[in-house]
Amino acid sequence: MSELRVRFAPSPTGYLHVGGARTALFNWLLAKKQGGTFILRIEDTDVERSTKESVDAILDGMKWLGLEWNEGPFFQSDYFPLYKEYVQKLLDAGKAYKCYCSAEVLDAKRELAMKEGRKPKYDGTCRERSDQPEGPYVIRFKAPRDGATSFDDLIKGTITFPNEELDDLIIQRTDGTPTYNFCVVIDDATMKITTVIRGDDHVNNTPRQVQLYEALGFPVPQFAHVPMILGSDKARLSKRHGATSVIAYRDMGYLPEALMNYLVRLGWSCGDDEIFSRAEMVQKFDIGSIGRSASVFDPDKLNWLNAHYIKSCDPERLAHLLLPHLSSREITTLGGPDLVAVVKTLQERAQTLEEMAERAVFYYNAPTSYDDAALAKFDSSHLLAVFAAVTAKLAAVDVPDVSPIDALFKVVCSENGWKMGQVGQPVRIALSGGTQAPGIAEIVVVLGGTETIRRIEKMQGYLSGK
RNA sequence: GUCCCCUUCGUCUAGCCCGGCCCAGGACACCGCCCUUUCACGGCGGCGACACCGGUUCAAAUCCGGUAGGGGACGCCA
C-alpha cells in the first residue's frame with residue numbers, strides 16, 4: 001500500500017450521475033494504479049436534502065460499475081462533534097468569530113452588490129465586534145484580507161486567487177451544524193487524504209479550503225479538478241439531455257464495462273487507444289493526461305462501445321444479463337429456444353440489451369402479423385412454391401447445425417432455379433414476421449425443425465386466407 | 001457584474017511543456033463502395049478542425065500579448 005489516499009464524496013441528494021461516476025472512476029483508477037486507498041464518504045451535512053434512498057442509489061451505481069472502495073462509507077452526519085471541536089479551536093485561536101447578521105440582511109446586501117456590479121461578499125460587519133449580543137449567530141472563518149492564495153492543481157496548473165476576492169465564510173450555521181467547506185477540510189485532513197480529485201465546480205472553493213487547512217495547521221493535500229461533462233448543447237449535462245443516472249444506463253441495457261470505458265475516455269486519453277479493459281485503464285491511467293476543458297457527452301460513442309462489448313461478451317453472461325429485459329416484455333424463455341443460442345445470433349447486431357431483447361422476441365413469440373410490404377415483393381404463387389419446397393426438405397432432415405441448413409437452402413434454390421433472395425426473405429418473414437433478423441439458417445437451427453415448419457405452415461394458411 | 005477556468009474536425013481526442021517529422025493523426029457520427037438471403041458485423045475510401053488578431057522566429061497548432069466566445073463560482077447547498 002502506498003501513502004496515496006483519495007476519496008469520492010458525493011452528497012446524497014440524488015442518484016449517481018455520470019459526472020459523479022467519472023470522478024469516482026478517476027479516484028478509483030489512481031488508487032488502484034498506485035496501490036493507494038480509495039475512501040467513500042457521504043456528504044450529508046445538509047440534513048434537509050439528504051435521503052437514505054439517495055445513499056442506496058449511489059452505492060448501487062458504484063457497485064454496478066465495480067468501483068469498490070477500501071474504506072467507508074463514512075457519513076459526515078456522524079462527525080458533528082468532531083467539527084464542533086475544530087470550530088471551537090478556531091474560535092479560541094481568534095481565527096473565527098460569531099456573526100449576528102441575519103440571513104435577510106445578508107440577502108439584501110448580496111442582491112444590492114450584484115445590482116451595482118460588485119462582487120457579492122460578506123462585508124465584515126461582525127468581524128471585529130467585541131460585544132456578545134443575545135440572539136442567533138453563525139460562526140465565520142476570519143480569512144486573511146491581503147495577499148493571495150494559490151495552489152498547484154494537478155490538472156489545471158497553478159491557480160491563484162487574490163485574498164480580497166474571498167470573504168469570511170460561514171463554518172457553522174445558526175442551528176449549530178457545520179457547513180460543507182468546513183467539513184470537507186476537517187474530513188480530508190483527518191482521513192489523511194493526500195489527493196483530492198473532484199469536479200471542476202469546486203475550484204472556487206479551493207482557496208478558502210486551503211486557508212482553512214493553514215489556519216488549522218493541517219498539511220494541504222494535492223488537488224486535481226476534473227472538467228465538467230456537458231450536454232450536446234454545451235450546457236451542463238442534465239436530465240433534459242437524456243439519462244444522466246448510471247443506473248438508468250444499466251436499465252437501458254448498457255454493460256458496465258462499456259460505460260466505464262466511455263467515461264474513462266471522456267476527458268482522458270492515452271494516445272490513440274479507445275478500448276480499455278479494467279486492467280488496462282488501471283495500468284495506463286495518468287492524472288496528468290486528463291484534459292483541461294469540459295467535454296460533451298456523446299451517446300453515439302457510448303453505443304458503439306456498448307456494441308463492441310456486447311459482441312465480445314461471453315454469451316452465457318449476456319443471456320443472464322438479458323433476462324430482465326426479456327421479462328419486462330413478458331417473455332418467458334421456458335419451453336422456448338435456448339437463450340444462449342438466441343443470444344449468439346443477436347450479439348453482432350445489437351447496441352444495447354434492450355435492443356437485443358426486442359430482436360429476441362420473435363424466437364419466443366411466433367409472429368402474429370407479417371411485414372406485408374416486404375411480402376408484396378413476391379407473388380403468392382411463388383411464395384407458396386417456396387414454402388412447399390422448403391418444408392418438404394426440412395421435414396426430411398435433422399436440424400443439427402447451421403451449415404447443413406445453408407446447404408439445404410442452396411439445394412432448394414438450384415433445384416427450382418431460384419436465387420437465395422427469393423427464398424431466404426420469404427422464409428425469414430414467415431419465421432420472424434419481418435425482414436430484419438439473423439441469418440436464416442441460424443434462425444432455423446435455434447427454432448428447431450418442428451417449430452420452423454409450424455411457422456411456415458402458419459404463413460401458408462395466412463396466404464391462402466388472403 | 002466580479003473572480004476563476006477553458007478554446008484542434010459535428011463529437012471524444014493525439015500533437016503543444018522540449019517550435020520544423022503536421023498543407024495536423026486516431027476514434028464516434030455521417031456519406032460512398034465492397035462483402036451479403038434481410039438487418040447488422042467486417043473491410044476500404046471520403047467529408048471534416050489548430051476561435052480571432054498581432055508579435056517573436058528562417059520556421060508556430062506549438063512561444064508571447066491582446067480580443068472574442070464558452071463554462072464555472074459568487075448560499076446559514078454540496
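Letters A, B, ... mirror the listed sequences (proteins, then strands); counts begin at 1.
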Parallel, tilted or perpendicular: ring planes of A:His308 versus A:Trp304, cut at 30 and 60 degrees:
tilted
So which of residues 341-357 of chain A are in contact with RNA chain B, with a heavy-atom cut-off of under 4.0 Å?
A:Glu348, A:Arg349
A:Thr160 near the nucleic acid: base, sugar-phosphate alone, or nothing, with a heavy-atom cut-off under 4.0 Å?
sugar-phosphate
Assign A:Ser11 to base, sugar-phosphate, or nothing according to its heavy-atom contacts below 4.0 angstrom with the strands shown.
sugar-phosphate
B:rC23 and B:rG32, which share atom name P, separated by this distance in whole Å:
31 Å
Quick check for you: among B:rC28, B:rA78, B:rU37, whose closest atom lies nearest to any side-chain atom of A:Asp300?
B:rC28
Using the purine O4'-C1'-N9-C4 or pyrimidine O4'-C1'-N1-C2 torsion, is B:rC58 syn (within 90° of 0) or anti?
anti
Using the P atoms only, state how far B:rC31 lies from B:rC39, rounded to an integer number of Å.
15 Å
Closest-nucleotide 5' rank along RNA chain B - winner of A:Glu274 and A:Leu266:
A:Leu266
When rounded to whole Å, the CD to C1' distance for the pair A:Glu111 and B:rG1 reads 14 Å
Test salt bridge (charged side-chain N to carboxylate O under 4.0 Å, His left out), reference A:Asp168, set A:Lys142, A:Arg127, A:Arg140, output is A:Arg127
Interatomic distance, NZ@A:Lys377 vs CG@A:Asp372, rounded to 0.5 Å, equals 12.5 Å
Can you tell me how the ring of A:Tyr79 sits relative to the ring of A:Tyr83, calling it parallel under 30°, perpendicular over 60° and tilted otherwise?
tilted
Can you measure A:Leu166 atom CG to B:rU2 atom C1' for me and round it to whole angstrom units?
13 Å
Give A:Val423 one of three labels, base, sugar-phosphate or nothing, depending on what nucleic acid heavy atoms sit under 4.0 Å from its own.
nothing
Would you check if the distance from the ring center of A:Phe285 to the ring center of A:Trp268 is below 6.0 Å?
yes
In whole Å, measure the gap between the C1' atoms of B:rA49 and B:rG26 for me.
14 Å
Any strand is fair game: report the nucleotide pairing with B:rA61 by Watson-Crick or G-U wobble, both distances under 3.5 Å, or none.
none
Could you give the CG-to-P distance, from A:Asn261 to B:rA27, as a whole number of Å?
15 Å
Within the 4.0 Å heavy-atom criterion, would you say A:Gly439 contacts the bases, only the backbone, or no part of the nucleic acid?
base
Should B:rC28 form a Watson-Crick or G-U wobble pair with both distances under 3.5 Å, which nucleotide is its partner?
B:rG10
Counting only side-chain nitrogens and oxygens, does A:Ser293 get under 4.0 Å of the OP1 or OP2 atom of B:rC5?
no
For A:Leu305 and B:rU13, give me the distance from atom CG to atom P, rounded to whole Å.
13 Å
Contact class for A:Ser232 vs. all strands (heavy atom < 4.0 Å): base, sugar-phosphate, or nothing?
nothing
Using atom P in both nucleotides, what's the gap between B:rC17 and B:rA61 to the nearest angstrom?
12 Å
Closest to the A:Asp46 side chain: B:rA78, B:rU11, B:rC28?
B:rA78
Considering only heavy side-chain atoms of A:Asp298, the closest of B:rA78, B:rU37, B:rU11 is B:rU11
Figure out the CG/C1' separation between A:Asp272 and B:rC28, and round it to whole Å.
14 Å
Taking atom CG as the centre, does A:Asp314 end up with more than 12 heavy-atom neighbours from other residues, nucleotides or ligands that are less than 6.0 angstrom away?
yes
Can you tell me if A:Ser269 touches the phosphate of B:rA14, counting only side-chain N or O atoms and a distance under 4.0 Å to OP1 or OP2?
yes
Contact pattern, 5' to 3', of nucleotides 64-74 of chain B - B, S or - by protein heavy atom under 4.0 Å:
-------SBSB
Within the 4.0 Å heavy-atom criterion, would you say A:Asp406 contacts the bases, only the backbone, or no part of the nucleic acid?
base
Steps toward side-chain contact (heavy atoms from CB on, under 4.5 Å) verdict (A:Ile287, A:Ile197)
CA-CA 9 Å; A:Ile287 212 163; A:Ile197 305 173; 3.6 Å; yes
Could you give the distance separating B:rG10 and B:rG55 at their P atoms, to the nearest angstrom?
28 Å
May I ask you to check whether A:His17 and A:Phe297 place their ring centers less than 6.0 Å from one another?
no
What's the closest nucleotide to the side chain of A:Arg292 if the choices are B:rU13, B:rG10, B:rC6?
B:rC6
Sugar-phosphate, base or nothing in reach of A:Lys311, heavy atoms under 4.0 Å:
sugar-phosphate
Could you work out the separation of B:rU57 and B:rC50 based on their P atoms and round it to a whole Å?
26 Å
Walking RNA chain B from its 5' end, the first of A:Lys156 and A:Arg359 to be reached, judged by nearest nucleotide, is A:Lys156
Categorize A:Pro207 for me: base, sugar-phosphate, or nothing, with a 4.0 angstrom heavy-atom threshold over every strand shown.
nothing
Would you indicate whether the side-chain heavy atoms of A:Val6 and A:Ile39 approach each other to under 4.5 Å?
no
According to the Watson-Crick and G-U wobble definitions, with both distances under 3.5 Å, which nucleotide is paired to B:rU2?
B:rA73
How long is the line joining CZ of A:Phe297 and P of B:rA29, in whole Å?
15 Å
With a 6.0 Å cut-off on ring centres, are A:Tyr309 and A:Tyr254 close enough?
no
For the P atoms, the ones on B:rG15 and on B:rG71, what distance do you get once it is rounded to whole angstrom?
27 Å
Can you check whether A:Arg22 reaches A:Leu266 side chain to side chain, under 4.5 Å on heavy atoms?
yes
Kindly check if the number of other-residue, nucleotide or ligand heavy atoms within 6.0 Å of CD (A:Glu415) is above 12?
yes
Under 3.5 Å for both donor-acceptor distances, Watson-Crick or wobble: does B:rU37 have a partner, and if so which one?
none
Sequence neighbours excluded and cut-off under 3.5 Å, please list the side-chain donor-acceptor pairs for residues 429-440 of chain A, or say none.
{"from": "A:Ser432", "atom 1": "OG", "to": "A:Arg428", "atom 2": "O", "distance (Å)": "2.9"}
{"from": "A:Ser432", "atom 1": "OG", "to": "A:Gly434", "atom 2": "N", "distance (Å)": "3.2"}
{"from": "A:Ser432", "atom 1": "OG", "to": "A:Gly434", "atom 2": "O", "distance (Å)": "3.1"}

Distance in angstrom units between A:Tyr262 OH and B:rU11 P, rounded
12 Å
For A:Asn27 and A:Phe8, indicate whether the former's side chain and the latter's backbone hold a donor-acceptor pair under 3.5 Å.
no
Atom-to-atom span, CD1 of A:Ile440 to P of B:rA40 - whole angstrom:
17 Å
Provide the distance between the two P atoms, one in B:rC4 and one in B:rC18, to the nearest whole Å.
25 Å
Would you tell me if any nitrogen or oxygen in the side chain of A:Thr179 comes within less than 4.0 Å of OP1 or OP2 on B:rG75?
no
Is B:rC17 paired to anything, Watson-Crick or G-U wobble with both distances less than 3.5 Å, and if yes, which nucleotide?
none
Starting the side chain at C-beta, find the nucleotide from B:rA27, B:rC76, B:rA78 nearest to A:Ala103.
B:rC76
Determine the contact category for A:Cys101: base if any of its heavy atoms lies under 4.0 Å from a base atom, sugar-phosphate if only primed atoms, P, OP1 or OP2 are that close, otherwise nothing.
base
Report the base-pairing partner of B:rG48 (Watson-Crick or G-U wobble, both distances below 3.5 angstrom), or none.
none
